[in-house]
Amino acid sequence: QHVAAEKMLINKSESLYRAEDWVRAGMTFEQLARVAKVKKKKNEFNESAIQSYVNALKKIDSLSALDVLRSRRAIREVGTGWIQSHMRHPAAASTAYNIAQSWYEDRHLPQAIQAFTFFVKSFPRDERVRDAIFMIINAYSQLDDFKGLVASAKSLEKTSGLSAEDRTAIRDASRRAQLKDLQLAAGNFGSKQYAENLMSMASKYKDSSMGATALYEAFTSLRSKRDPELYDVGEALLEKYSDSTYSKEVVSSMAQTALMTADFERAARYLARFAERYPKEKESIEWKKSAAQIYEWLGDYKRSKNIAM
């Protein structure tokens, strides 16, 4: 009798699946998994249930609110148990991603962060890794947890197997989060107090990426007002964080600001500095010539000759 009942349920589930009645098919496969005596069969039914619910959510507009809720919850409940013993299964990565996505879509953001992090660390070569990274970023941003984002980014960046492009995406996200956190704490952009607060933060977080970001934001604020103090802040950044991603822009900005304010000696110095440090940049050749010409115009022929060589 049990065998006959199971066979009827199998026929029902397969009919529902073929008819693309995904939610009902998923529920029936779940029922089969609960009564299955053989472990292999149980796993197969759970896998079919997961796939049915995934298919259902691909056409979410046609589902009732209850079916959406049921499908997302089932993906989590069935998928989490299934994936623990099937990490090498071809469907493991998709299942892990769908679990994380279901948490995100139901606005359970801390759980989504945890699940997407698990996905990235477990399947670093999957084509959806970049999407998962951005989901993590968005979740932290919605929670206004920028410190958490920075800490998470540091951990994710160390994941073995990630592509160079994905590591860059993580670093960029971390920098944006740091900047946002600093901006919120510093006050009104462009004010003297804003720059001073950032300088204090730079001292607090010295020798860290947070310190470099604070100095760069202070520099940007001062530059917006053409405040001469920008040069001191820029020099401090170049001295302490010469290898940071900000250094090229800072040298370039100081050169151009000096030109706009007719501070020609300073302009020549930074034009020459940029050309020397970044010889492969397209503007370097022209800027090197400009620096030599300015020094010649200022009567400093020795410097002009040295730069032109």
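Hydrogens, waters and symmetry mates are skipped; everything else that's a heavy atom, side chains included, is used. In this chain, residues are counted from 1 in sequence order.
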Qualifying residue, where the test is side chain to side chain contact (heavy atoms under 4.5 Å, CB included) with Gln256 and the options are Tyr270, Phe274, Trp287: Trp287
Sub-4.5 Å side-chain heavy-atom contact between Phe219 and Leu215: no
Side-chain heavy-atom pair Lys12, Arg24 within 4.5 angstrom cut-off: no
Within 45° cone and under 6.0 Å: Arg107 NZ/CZ vs Tyr104 ring: yes
Steps toward salt bridge (charged side-chain N to carboxylate O under 4.0 Å, His left out) verdict (Glu283, Lys288): CA-CA 9 Å; Glu283 59 265 55; Lys288 184 177 181 179; over 6 Å; no
Arg128 NZ/CZ over Phe119 ring centroid, <6.0 Å and within 45° of normal: no
pair Phe118-Ile83: side-chain heavy atoms closer than 4.5 Å: yes
Donor-acceptor contact below 3.5 Å, side chain Asp227 vs main chain Glu229: yes
Test item: Arg226 side-chain N/O and Thr261 main-chain N/O as donor-acceptor pair under 3.5 Å: no
Close side-chain approach of Leu238 to Val251, heavy-atom, < 4.5 Å: yes
Donor-acceptor contact present, side-chain Asp166 to main-chain Leu162, <3.5 Å: no
Backbone of Leu57 reached by a side-chain donor or acceptor of Arg72 within 3.5 Å: no
4.5 Å side-chain heavy-atom contact, Leu259 and Ile294: yes
Check: Phe123 ring centre within less than 6.0 Å of Tyr97 ring centre: no
Side-chain donor or acceptor of Ser62 paired with backbone N/O of Lys59 under 3.5 Å: yes
Pair Trp22 and Tyr53, ring centroids less than 6.0 Å apart: no
Co-members of Tyr301 in a cluster of I, L, V, M, F, W and Y side chains, linked at under 4.5 Å: none
Short side-chain to backbone donor-acceptor contact, Ser284 and Lys280, under 3.5 Å: no
Heavy-atom donor-acceptor pair, Arg167 side chain to Glu157 backbone, under 3.5 Å: yes
Exercise: do Gln51 and Asn55 side chains pair donor with acceptor under 3.5 Å: yes
Under 3.5 Å donor-acceptor, Ser221 side chain and Glu217 backbone: no
Whether Tyr241 side chain and Thr213 backbone form a donor-acceptor pair below 3.5 Å: no
Between His86 and Glu47, a side-chain donor and acceptor under 3.5 Å: no
Least distance between heavy atoms, Ala132 atom then Phe116 atom: CB-CD2, 3.7 Å
Donor-acceptor contact present, side-chain Lys42 to main-chain Ala33, <3.5 Å: yes
